[in-house]
Undergrad: 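What follows is a structure written as structure tokens; I'll ask about it next.
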Amino acid sequence: MSPRKRYWLMKSEPDAFSIDDLQRVGTEPWSGVRNYQARNHMRDMQVGDGVLFYHSSCAVPGIVGIATVATTAYPDPTQFERKSDYYDPKSTREQPRWDLVDVAFERKLKRVIPLEEIKQHAAALGDGFALTQRGSRLSVLPVTAAQWKLLLSLE
DNA sequence: GCCAACGTTGGC
DNA sequence: GCCAACGTTGGC
């Protein structure tokens with residue numbers, strides 16, 4: 001028996017990989033996460049969990065689409081590839097440090113929900129919400145059912 | 001392009 | 001085990 005569906009938010013720079021890219025490929029291994037907290041969140045993911053797709057480092061940062069978790073966590077192959085930007089010499093196949101999940105496209109939002117607007121709901125979203133916490137750079141973060149509902153009600 | 005905030009590294 | 005230095009993230 002699998003635990004009930006959970007929700008997450010995943011950041012991506014649209015110049016590198018956008019929601020349109022995800023729509024085109026359908027499913028994408030979320031490679032390159034090199035932050036332990038973000039990795040641990042991916043290890044907690046279950047197939048079917050909901051993902052808010054967020055564009056960062058762009059003109060209008062914000063939530064742009066919805067995806068679903070398509071696999072449980074498995075070792076990120078790029079950590080073993082010497083030529084990859086994500087190569088980690090401290091990683092071995094016996095003891096990989098970095099995991100990823102595959103993420104599947106579900107839909108684009110009717111409009112971008114800008115960070116600026118999300119911030120106006122910071123109080124309702126709660127102090128613990130990493131996206132609206134000052135200085136937070138976490139790229140994979142948990143979202144509660146209530147936060148998910150609130151954020152998508154802004155669409 | 002700037003810079004604040006954060007995580008990691010490495011010297012001691 | 002501390003902490004300064006460094007590199008990176010990401011909003012603006």
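In the text below, chain A, chain B and the rest are named by the order of the sequence lines, each starting its count at 1.
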Undergrad: Please name all residues satisfying side-chain hydrogen bond (donor to acceptor under 3.5 Å, both in side chains) with A/S31, sequence neighbours left out, ordered by chain then number.
TA: none
Undergrad: What string of B, S and - do you get for nucleotides 5-12 of chain C, 5' to 3', when a contact is any protein heavy atom under 4.0 Å?
TA: --BBBBSS
Undergrad: Applying salt bridge (charged side-chain N to carboxylate O under 4.0 Å, His left out), can you list everything that pairs with A/R82, at least two apart in sequence or on another chain?
TA: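 If we apply the salt bridge (charged side-chain N to carboxylate O under 4.0 Å, His left out) test to A/R82, skipping adjacent residues, there are no hits.
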Undergrad: Please collect all salt bridge (charged side-chain N to carboxylate O under 4.0 Å, His left out) contacts where either partner lies in residues 98-110 of chain A, sequence neighbours excluded, each pair once.
TA: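 Sorted result for residues 98-110 of chain A: A/D20-A/K108, A/R43-A/D99, A/R107-A/E155, A/K110-A/E155.
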Undergrad: Under a 3.5 Å threshold, yes or no: a donor from one side chain and an acceptor from the other, between A/T78 and A/R34?
TA: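 Yes.
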Undergrad: What residues form a side-chain hydrogen bond (donor to acceptor under 3.5 Å, both in side chains) with A/D49, not counting sequence neighbours?
TA: A/W8
Undergrad: Can you list, in residue-number order, the parts of residues 31-40 of chain A that come under 4.0 Å of DNA chain C, counting heavy atoms only?
TA: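 Hits under 4.0 Å, by residue number: none.
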Undergrad: Linking Ile, Leu, Val, Met, Phe, Trp and Tyr by side-chain heavy atoms under 4.5 Å, what else ends up with A/V47?
TA: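 ILVMFWY cluster around A/V47 holds nothing else.
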Undergrad: Which residue pairs pass the side-chain hydrogen bond (donor to acceptor under 3.5 Å, both in side chains) test with at least one member in residues 135-147 of chain A, sequence neighbours excluded?
TA: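 Counting only pairs at least two positions apart or across chains, the side-chain hydrogen bond (donor to acceptor under 3.5 Å, both in side chains) contacts touching residues 135-147 of chain A are A/T144-A/Q147.
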Undergrad: Tell me which residues in residues 79-95 of chain A lie within less than 4.0 Å of DNA chain C, going by non-hydrogen atoms.
TA: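 Result for residues 79-95 of chain A: none.
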Undergrad: Strictly by side-chain hydrogen bond (donor to acceptor under 3.5 Å, both in side chains), give each pair with a member in residues 52-68 of chain A just once, sequence neighbours left out.
TA: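 Passing the test, one end in residues 52-68 of chain A: no pairs.
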Undergrad: Considering residues at least two apart in sequence or located in another chain, which fulfil the side-chain hydrogen bond (donor to acceptor under 3.5 Å, both in side chains) criterion with A/R97?
TA: A/Y36, A/D88
Undergrad: Run the side-chain hydrogen bond (donor to acceptor under 3.5 Å, both in side chains) test against A/N40 and tell me which residues pass, sequence neighbours left out.
TA: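 Applying side-chain hydrogen bond (donor to acceptor under 3.5 Å, both in side chains) to A/N40 gives none.
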